[in-house]
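Just follow the structure's listing: the first ligand is 1, and inside any ligand the first atom is 1. The model shown is predicted, which means the values in this text are computed figures rather than measured ones.
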Amino acid sequence: MKEYQKANPLKLFAEHVQSIGTGLKYLVKPQRITLFYPEEALSLPTGYRGLIRLYKDVCIGCTLCALICPADAMKMATEEGKKLPMINYGRCVFCGFCVDVCPVDALKETRVHDVAFSNRRDLVFNPDKFNRNFDQPVSMDKPVRKMKTVIDEKKGIRYVPDE
Ligand code: SF4
Ligand code: SF4
């Protein structure tokens with residue numbers, strides 16, 4: 001077993017000074033590592049899997065989406081005599097199986113990913129909410145600047161405009 005050794009106070013002091021120096025350096029010359037969200041947003045790659053949208057009019061109620069879901073996130077509901085899926089985003093792992101299995105393309109992945117809910121009940125979308133188009137851009141004074149990540153040897157990741 002390694003014996004406990006009292007730390008050298010001079011070494012400790014030097015480490016504290018070094019930490020303060022790092023803090024002062026960033027105070028004088030800030031190195032921002034976050035995005036100015038929502039004025040800036042990351043460009044999403046092709047095929048990005050965000051919230052799923054149900055097209056109620058297209059769905060034939062076959063239940064395949066609910067059957068294939070590995071996370072038990074999709075259940076069928078009956079609305080005016082028609083079977084329609086509802087989704088629980090508290091369980092969904094965004095695998096996309098339900099979208100792929102749908103024989104009539106009644107489910108589509110959107111690119112919406114930045115959502116927030118105040119309680120867990122709101123994570124369950126009934127067929128009506130599931131049918132809603134959340135893919136509407138939030139109105140902003142200026143257009144959102146699309147950014148991409150680049151690897152910086154000193155900082156790790158840096159965001160630059162995605163021209
Ligand atoms: S994306 Fe995957 S986990 Fe989410 S509802 Fe569809 S099948 Fe289930
Ligand atoms: S797989 Fe498609 S058609 Fe079948 S219930 Fe699900 S959404 Fe409707």
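- Residues Arg49 and Val99 are not in side-chain contact: their nearest non-hydrogen atoms beyond the backbone lie 4.5 Å or more apart.
- Within a 6.0 Å sphere centred on CG of Leu12, other residues, nucleotides and ligands contribute more than 12 heavy atoms.
- Annotation for Phe36: atom CZ does not count as buried by contact number, only 12 or fewer foreign heavy atoms lying within 6.0 Å.
- Distances from ligand 2 to the non-hydrogen atoms of Val101 include no value under 4.0 Å.
- Close contacts of ligand 2 with Leu107, meaning ligand atoms under 4.0 Å from a residue heavy atom, involve 7 (S).
- Of the heavy atoms in Lys83, none comes closer than 4.0 Å to ligand 2.
- Residue Phe94 qualifies as enclosed at atom CZ: its count of foreign heavy atoms under 6.0 Å is above 12.
- Taking a cut-off of under 4.0 Å to the non-hydrogen atoms of Cys102, the atoms of ligand 2 that pass are 1 (S), 2 (Fe), 3 (S), 7 (S).
- Atoms of ligand 2 lying under 4.0 Å from any heavy atom of Val104, numbered from 1 in the order shown and given with element: 3 (S).
- Each of the atoms 5 (S) of ligand 2 lies under 4.0 Å from some heavy atom of Met76.
- Near Cys59, meaning under 4.0 Å from one of its heavy atoms, ligand 2 places the atoms 3 (S), 5 (S), 7 (S), 8 (Fe).
- Counting only heavy atoms of the protein, atom 6 (Fe) of ligand 2 lies nearest to Cys65 SG, 2.4 Å.
- Against a heavy-atom cut-off of under 4.0 Å, Thr63 is close to the following atoms of ligand 2: 4 (Fe), 5 (S).
- Ranking the protein heavy atoms by distance from atom 3 (S) of ligand 2 puts Ile60 N, 3.4 Å first.
- Using a 4.0 Å cut-off to heavy atoms of Ile87, the atoms of ligand 1 that qualify are 5 (S).
- More than 12 heavy-atom neighbours from other residues, nucleotides or ligands sit within 6.0 angstrom of NZ on Lys56.
- Remark: distances from the non-hydrogen atoms of Ile52 to ligand 1 include one below 4.0 Å.
- To the nearest 0.5 Å, atom SG of residue Cys95 and atom CD1 of residue Ile68 are 8.0 Å apart.
- Heavy atoms only, all atoms of each residue included: Met74 and Ala66 are closest at O-CB, 3.6 Å.
- Each protein N/O/S atom under 2.8 Å from atom 2 (Fe) of ligand 1 was counted, for a total of 1.
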